[in-house]
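Here's the structure, in structure tokens; my notes come after.
Predicted, not measured: the structure shown is a model, and the values here were computed from it.
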Amino acid sequence: MNDPLSLTFAALADPTRRAMLARLAQGPATVKELAEPFALSMPAISKHLKVLEHAGLIERGREAQWRPAQLKAKPLKDASEWLEHYRENWEENFDRLEAYLRQLQEDLR
């Protein structure tokens with residue numbers, strides 16, 4: 001699994017990583033700031049960050065001894081565009097179902 005979309009969805013499959021992305025949507029954060037809400041070890045936090053970084057969802061900089069992380073929006077935009085295509089299909093199916101149900105109600109009158 002090396003295609004960007006698969007990496008994005010695999011990274012988003014974990015609620016801890018989604019929470020980290022939500023925090024990073026507010027602005028860059030250090031590893032310590034990202035770890036605060038979770039009862040996880042620092043190696044576990046580091047593993048989550050590596051998954052996000054490998055998926056291209058975050059970028060880690062270097063400021064003195066700190067490595068603040070920041071959100072990279074492009075993979076999320078690509079995932080959203082992919083889902084949008086299917087949303088249009090689902091809406092068409094719901095529209096057809098709605099029309100069918102309306103016709104059934106009229107036939108019962």
According to side-chain hydrogen bond (donor to acceptor under 3.5 Å, both in side chains), who are the partners of Lys77, at least two apart in sequence or on a separate chain?
Glu81
With Arg96 via side-chain hydrogen bond (donor to acceptor under 3.5 Å, both in side chains) - residues at least two apart
Asn93
Please find the pair of heavy atoms, one from [X] and one from [Y], that lie closest to each other, and give the distance.
| X | Y | value |
| --- | --- | --- |
| Ala11 | Arg17 | O-NE, 2.9 Å |
| Ile58 | Lys72 | C-CG, 3.7 Å |
| Val31 | Arg60 | CG2-NH2, 3.2 Å |
| Leu71 | Ala25 | CD2-CA, 3.9 Å |
| Arg18 | Leu12 | NH1-O, 2.6 Å |
| Thr30 | Trp66 | CG2-CE3, 4.3 Å |

So, taking the atom named [atom1] in [X] and the one named [atom2] in [Y], what distance separates them when rounded to the nearest 0.5 Å?
| X | Y | atom1 | atom2 | result |
| --- | --- | --- | --- | --- |
| His85 | Ser80 | NE2 | OG | 13.5 Å |
| Glu59 | Glu53 | CD | CD | 8.5 Å |
| Leu40 | Leu34 | CG | CG | 12.0 Å |
| Leu83 | Trp90 | CG | CH2 | 6.0 Å |
| Asp14 | Leu21 | CG | CG | 10.0 Å |
| Ile45 | Lys50 | CD1 | NZ | 13.0 Å |

Looking at [X] and [Y], does any basic side-chain N land under 4.0 Å from a carboxylate oxygen?
| X | Y | value |
| --- | --- | --- |
| Arg102 | Glu98 | yes |
| Glu106 | Arg109 | no |
| Asp78 | Lys74 | yes |

Taking a hydrophobic cluster as the set of Ile, Leu, Val, Met, Phe, Trp and Tyr residues connected by side-chain heavy atoms closer than 4.5 Å, whether directly or through intermediates, do Leu49 and Val51 fall within one such cluster?
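In one cluster: no.
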Answer yes if Leu52 and Leu76 sit in the same cluster of Ile, Leu, Val, Met, Phe, Trp and Tyr residues linked by side chain heavy atoms under 4.5 Å apart, and no otherwise.
yes
Glu91/Arg87 under salt bridge (charged side-chain N to carboxylate O under 4.0 Å, His left out): CA gap, chis, key distance, verdict
CA-CA 6 Å; Glu91 285 181 355; Arg87 186 182 67 78; 2.2 Å; yes
Would you say Met20 and His48 make side-chain contact, with heavy atoms under 4.5 Å?
yes
Under the side chain to side chain contact (heavy atoms under 4.5 Å, CB included) rule, collect the residues that match up with Leu104, sequence neighbours excluded.
Tyr100, Leu101
I'd like to know if the side chain of Thr8 reaches the main chain of Pro4, judged simply by a donor and an acceptor atom lying under 3.5 Å from each other, with no hydrogens or angles considered.
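It does hold such a pair.
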